[in-house]
Amino acid sequence: MSNPNDHPIHLGHLFFTRVRVEAIGEHEPTDEPVDMKPQNSINVRQDLTDKCVYQAVMHSVCNLEGDAAMPYLIDVEAVAMLHASEDLSPEEAKRGITITAHSVLFGAIREAVMWLTSRQPYGPVMFGLSVLTPRTRPSSDGAGDPAATEPSQSAATVR
């Protein structure tokens, strides 16, 4: 049983599995800000051997085509291992893990991208907010999973 003073969701580990941030050499900077909007996705899975352990993977990409109108190509993926209290129902655990993972992983990705781009020729990129929005996706039994969520595109501006 958990200590009632403990938070029901705990972060175990966070690490990056892909970090690709490249300056586009053909980019011509102007005085106008460049609006870079990353596409964000998150995937949360429960461990098959321990129902209290979850893995969350977040992927943020921007300008994978290397379009010279934007200063950078960004492709970053981070993984978090989280633990949910056994006192939570499966629905509460999945919801709490998803919300916590989204916040922690996107914050880590945003910070890494800002740090890396601040040391590159066109200056720092600071991703804006990423908001989880409900979506329905097919589940293994063919029914929709209304509890599934996905992050929105976040805005980022380079000056």
Side-chain angles (χ1 to χ4, degrees), residues 1-22 33 35-64 70 72-120 123-159:
M1 174 157 247
S2 300
N3 179 341
N5 296 323
D6 285 347
H7 192 278
I9 307 292
H10 296 276
L11 174 66
H13 303 284
L14 186 145
F15 51 92
F16 290 90
T17 52
R18 180 181 315 136
V19 178
R20 183 176 174 203
V21 178
E22 298 176 15
D35 191 17
M36 296 183 67
K37 292 185 178 173
Q39 301 239 334
N40 303 309
S41 62
I42 190 166
N43 185 7
V44 177
R45 295 182 185 207
Q46 187 175 28
D47 188 285
L48 297 176
T49 59
D50 185 344
K51 67 177 185 146
C52 295
V53 176
Y54 291 79
Q55 175 185 10
V57 179
M58 187 164 201
H59 192 197
S60 293
V61 297
C62 185
N63 193 28
L64 283 181
M70 293 187 221
Y72 300 107
L73 175 153
I74 298 169
D75 183 3
V76 181
E77 183 177 81
V79 176
M81 300 301 294
L82 299 111
H83 305 270
S85 168
E86 58 192 35
D87 298 334
L88 297 175
S89 71
E91 296 79 21
E92 290 173 323
K94 178 84 180 244
R95 184 175 186 273
I97 290 287
T98 302
I99 291 168
T100 302
H102 173 261
S103 177
V104 170
L105 289 169
F106 186 69
I109 290 170
R110 180 175 48 209
E111 183 177 323
V113 167
M114 187 177 76
W115 186 84
L116 290 167
T117 56
S118 70
R119 284 144 180 83
Q120 294 200 25
V125 170
M126 177 62 160
F127 288 164
L129 296 177
S130 177
V131 179
L132 283 172
T133 55
R135 67 178 162 111
T136 302
R137 70 170 179 220
S139 59
S140 59
D141 65 1
D145 178 3
T149 56
E150 65 183 8
S152 63
Q153 290 183 354
S154 59
T157 303
V158 181
R159 292 195 182 267

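All residue numbers in this chain count up from 1 along the given sequence. Hydrogens, waters and symmetry mates play no part in the numbers below; they use all other heavy atoms, side chains included.
There is a side-chain donor-acceptor pair under 3.5 Å between His59 and Asp75.
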- Task: Under the side-chain contact (heavy atoms from CB on, under 4.5 Å) rule, what do His102 and Ser130 come out as? Steps first, then yes or no, please.
- Result: CA-CA 8 Å; His102 173 261; Ser130 177; 3.0 Å; yes

- Determine, stepwise, if the pair Leu73 / Val21 fulfils side-chain contact (heavy atoms from CB on, under 4.5 Å). CA-CA 6 Å; Leu73 175 153; Val21 178; over 6 Å; no

- Chi angles and distances behind the side-chain contact (heavy atoms from CB on, under 4.5 Å) call for Asn63, Ile74: CA-CA 7 Å; Asn63 193 28; Ile74 298 169; over 6 Å; no

- Item | Worked check of side-chain contact (heavy atoms from CB on, under 4.5 Å) between Val79 and Gln55 | CA-CA 7 Å; Val79 176; Gln55 175 185 10; 3.6 Å; yes

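Formation of a donor-acceptor pair under 3.5 Å by the Ser60 side chain with backbone atoms of Val76 is not found in this model. In this structure, Ser103 contributes its side chain and Ile99 its backbone to no donor-acceptor pair below 3.5 Å. Within the 3.5 Å criterion, the main-chain N or O of Lys51 finds a donor-acceptor partner in the side chain of Gln46. Side chain of Thr100 to main chain of Ile97: no donor-acceptor pair is present (N/O by atom type, distance under 3.5 Å, no hydrogens or angles). For Glu92 (side chain) and Ser89 (main-chain N/O), a donor-acceptor pair under 3.5 Å exists by modelled atom type.
Note: Tyr54 OH to His83 NE2 = 12.0 Å, rounded to the nearest 0.5 Å. Considering CE of Met36 and CE of Met126, their distance stands at 14.0 Å, rounded to 0.5 Å. The structure places CD of Glu77 at 9.5 Å from CG of Asn43, a figure rounded to the nearest 0.5 Å. Between atom CD1 of residue Ile9 and atom OG of residue Ser85 there is a gap of 8.0 Å, rounded to the nearest 0.5 Å. The NE2 atom of His10 lies 15.0 Å from the CE atom of Met81; values are rounded to the nearest 0.5 Å. Between atom CG of residue Leu129 and atom CZ of residue Phe106 there is a gap of 7.5 Å, rounded to the nearest 0.5 Å.
Taking each heavy atom of Phe16 and Ala108 in turn, the nearest pair found is CZ-O, 3.6 Å. When all heavy atoms are compared, the tightest approach of Leu82 to Ala101 is CD1-CB, 3.8 Å. Closest heavy-atom contact between Ala56 and Leu105: O-CD1, 3.7 Å. The shortest non-hydrogen separation linking Gly123 to Tyr72 is O-OH, 2.7 Å. Nearest heavy atom pair, residue Cys62 against residue Met70, reads SG-SD, 4.3 Å.
Remark: Gln120 CD is packed, more than 12 non-hydrogen atoms of other residues, nucleotides or ligands lying under 6.0 Å away.
The salt bridge (Lys or Arg N to Asp or Glu O under 4.0 Å) check on Arg20 picks up Glu22, with sequence neighbours excluded. Partners of Asp47 under the salt bridge (Lys or Arg N to Asp or Glu O under 4.0 Å) rule, at least two apart in sequence or in another chain, do not exist in this structure.
Residues Val19 and Leu116 form a side-chain contact, since some pair of their non-hydrogen atoms from C-beta on lies under 4.5 Å apart.
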